[in-house]
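Computed from a predicted structure; not experimentally measured. Below, read A as the first sequence line, B as the second, and so on, with proteins coming before strands; counting in each chain starts at 1.
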Number of protein chains: 2
Amino acid sequence: MKLSELGEDAVVRELIRGLPLGENVIVGAGDDCAVLGRKTDAWWRLAKTDAVIAGVHFLPEEKAARIGWKALCRAISDIAAMGGIPEHALITLGVSGDTDLAWLRGLYTGLRKAARRFGVGIVGGETCRSPGATFINIALTGRVERKFCVLRSGGKVDDAIYVTGTLGGSLAGKHLDFIPRLAEARWLVAHHRPNAMMDLSDGLGSDLPRLAAASKCGHELWPLSIPCTPGSTPVNAMNDGEDFELLFTIALTAAAALERAWRKQFPKLPLTRIGHLTRKTPRSRGSSRPTGYDHFKAQ
Amino acid sequence: MKLSELGEDAVVRELIRGLPLGENVIVGAGDDCAVLGRKTDAWWRLAKTDAVIAGVHFLPEEKAARIGWKALCRAISDIAAMGGIPEHALITLGVSGDTDLAWLRGLYTGLRKAARRFGVGIVGGETCRSPGATFINIALTGRVERKFCVLRSGGKVDDAIYVTGTLGGSLAGKHLDFIPRLAEARWLVAHHRPNAMMDLSDGLGSDLPRLAAASKCGHELWPLSIPCTPGSTPVNAMNDGEDFELLFTIALTAAAALERAWRKQFPKLPLTRIGHLTRKTPRSRGSSRPTGYDHFKAQ
């Protein structure tokens with residue numbers, strides 16, 4: 001069976017079945033990052049890999065510095081989604097021998113800019129000839145206090161569901177120069193303890209069902225409450241993907257205090273309640289079943 | 001200027017200039033692995049990324065399980081080259097939607113087999129659609145006792161130079177089912193303290209000058225002493241690449257004891273002295289300047 005007939009989630013489920021985990025693994029495949037350490041450690045280590053590929057995640061003619069920024073910020077967004085602090089990155093480049101050195105320099109300008117801004121060290125990597133499309137793979141490590149670490153799977157029935165920022169229309173430009181919500185996530189985990197969190201990379205329509213499923217809950221989404229980027233419809237907000245906003249859930253009793261504190265702390269960034277977790281049911285209330293971006297389904 | 005005109009080492013030198021390193025970095029880009037931790041820690045962490053690409057590192061029609069084995073064992077070989085113990089791997093796959101699920105299953109069979117044999121946990125990764133060539137990127141972490149960690153840069157003038165195994169002819173099959181010299185490297189660092197070490201991935205002709213340069217030494221290579229794989233010439237041994245044997249240097253005074261102990265410990269694996277480090281001079285004694293594999297120079 002072809003991957004395009006199966007779809008991304010089924011492919012991933014198939015691959016992670018029966019993997020050897022080794023020692024000192026708190027969370028393996030399936031969350032935004034792997035979480036490594038012993039149960040009783042005060043700090044846990046985080047690890048993430050992520051690739052951007054020409055023709056899929058960026059157009060080959062795009063400015064190289066923006067591609068570098070995006071490549072590293074995607075992985076930083078995943079570290080943020082665990083409540084963590086990014087530390088060290090390794091860069092693997094696959095490029096053709098025809099690539100101009102100026103392009104590579106531009107790419108590294110973007111990588112360095114993102115690294116400096118978010119306190120990441122670039123400590124190595126590998127550059128190899130790729131006869132096919134150019135790709136940039138980022139491996140990023142981080143750390144998080146055990147008491148602050150937030151998984152996708154911690155959501156509870158009746159939790160309020162929130163998203164930061166606005167969703168949809170990322171292709172108009174935001175996907176290349178978004179700001180990973182690192183400061184916001186650190187503030188959240190330190191002050192308001194979300195139960196579950198992830199970053200929105202494939203669109204709310206894909207990612208919210210993933211968070212709910214990991215938490216063994218259903219979800220009720222209020223379609224009219226979805227904060228759309230100007231020029232985007234709720235359908236864009238559900239499906240476009242690459243928003244790199246935070247999606248999290250928090251106890252209903254903590255919701256009002258969170259909203260007040262957020263407005264004071266981040267007056268320019270919207271925080272929107274878009275629904276709540278429910279007992280496990282297969283459907284959201286949306287009129288059509290949302291799908292989001294799937295890497296393998298025919299688009 | 002095109003990468004193919006510059007060559008791999010010049011590209012890498014260009015890219016790693018002025019990288020932000022962040023905190024707690026013992027060794028950044030330029031060695032087999034990044035070494036992370038504080039100077040006084042008893043254990044340091046190791047990190048490595050490495051990709052294999054269809055048409056460059058394997059033929060698309062090759063058995064998927066062998067490709068998976070190779071992909072993970074390449075990175076394990078780099079951890080071994082620091083004297084370390086591999087721990088956790090993250091796998092990034094770039095594959096076309098036309099890929100058959102059976103191929104992916106085969107790939108993971110090879111990855112799992114290598115992971116189990118060498119004690120590696122597979123803790124996550126990412127699967128994305130690649131319109132170009134299939135690639136598999138491995139990010140691997142490890143650990144090493146500070147007192148055992150061996151860099152490329154520790155070689156000293158008059159050190160004896162050794163290689164394990166035999167070199168050349170890897171394309172005949174060994175490049176797909178080699179055994180990373182993890183047990184040998186751990187034994188070496190615990191009992192005979194090499195001054196410098198790396199794994200041979202691009203061929204002795206490329207890699208020995210890299211080790212010597214990192215150690216700020218010259219080198220004298222005895223061409224007639226190079227241990228060639230049956231069917232290979234010294235030219236193959238210098239240039240074919242993908243041997244994944246250990247190349248290391250050790251004080252001349254320790255050489256005789258090492259050779260005796262090695263024969264007892266690893267009676268089936270040759271250990272061969274092939275020359276020595278010298279004061280910095282640009283040339284080895286070889287009749288033609290060896291080159292090894294370069295990812296970007298026209299082959």
Cut-off 4.5 Å, heavy atoms of chain B, and the answer for A:Asp50 is both

CD1 of A:Ile138 to OG1 of B:Thr92, rounded to nearest 0.5 Å, is 10.0 Å

Nearest heavy-atom approach of A:Arg112 to B:Pro20 is CG-CD, 3.6 Å

Okay, A:Arg17 and chain B: the region with an atom under 4.5 Å from a heavy atom over there is backbone

Most contact-rich option vs chain A, by heavy-atom pairs under 4.5 angstrom, among B:His88, B:Lys48, B:Arg45, is B:His88

One should read off an interatomic distance between A:Leu104 CG and B:Glu14 CD, to the nearest 0.5 angstrom, of 8.5 Å

Under 4.5 Å to a heavy atom of chain B? For A:Leu93 that would be side chain

Output for pair (B:Leu101 CG, A:Ser4 OG), nearest 0.5 Å, gives 11.0 Å

OG1 (B:Thr99) and CG (A:Leu6) are apart, to the nearest 0.5 Å, by 11.5 Å

Turns out that what part of A:Ala89 lies under 4.5 Å from chain B's heavy atoms comes down to neither

Rounded to the nearest 0.5 angstrom, the CG-CD distance for A:Asn24 and B:Glu87 is 7.0 Å

When the 4.5 angstrom heavy-atom criterion is applied to A:Ile16 and chain B, the contacting part is neither

Per-residue tally against chain A (heavy atom, under 4.5 Å) across B:Asp98, B:Leu15, B:Val35 peaks at B:Leu15

Paired with A:Leu19, the side chain to side chain contact (heavy atoms under 4.5 Å, CB included) test is passed by just one of B:Ile91, B:Leu111, B:Ile122, namely B:Ile122

Scanning both residues in full, the closest heavy-atom pair of A:Cys128 with B:His57 reads CB-CE1, 4.3 Å

Interface check, chain A: of B:Ala139, B:Ala51, B:Gly55, most non-hydrogen pairs under 4.5 Å belong to B:Ala51

Note: vs chain A, highest number of non-hydrogen pairs under 4.5 angstrom among B:Val25, B:Asp31, B:Val12 is B:Val25

Whatever's closer than 4.5 Å to a heavy atom in chain B on A:Ile53 counts as side chain

Quiz prompt | B:Val56 side chain near A:Pro131 side chain, heavy-atom distance below 4.5 Å | solution = yes

CG of B:Leu3 to CZ of A:Arg129, rounded to nearest 0.5 Å, is 11.5 Å

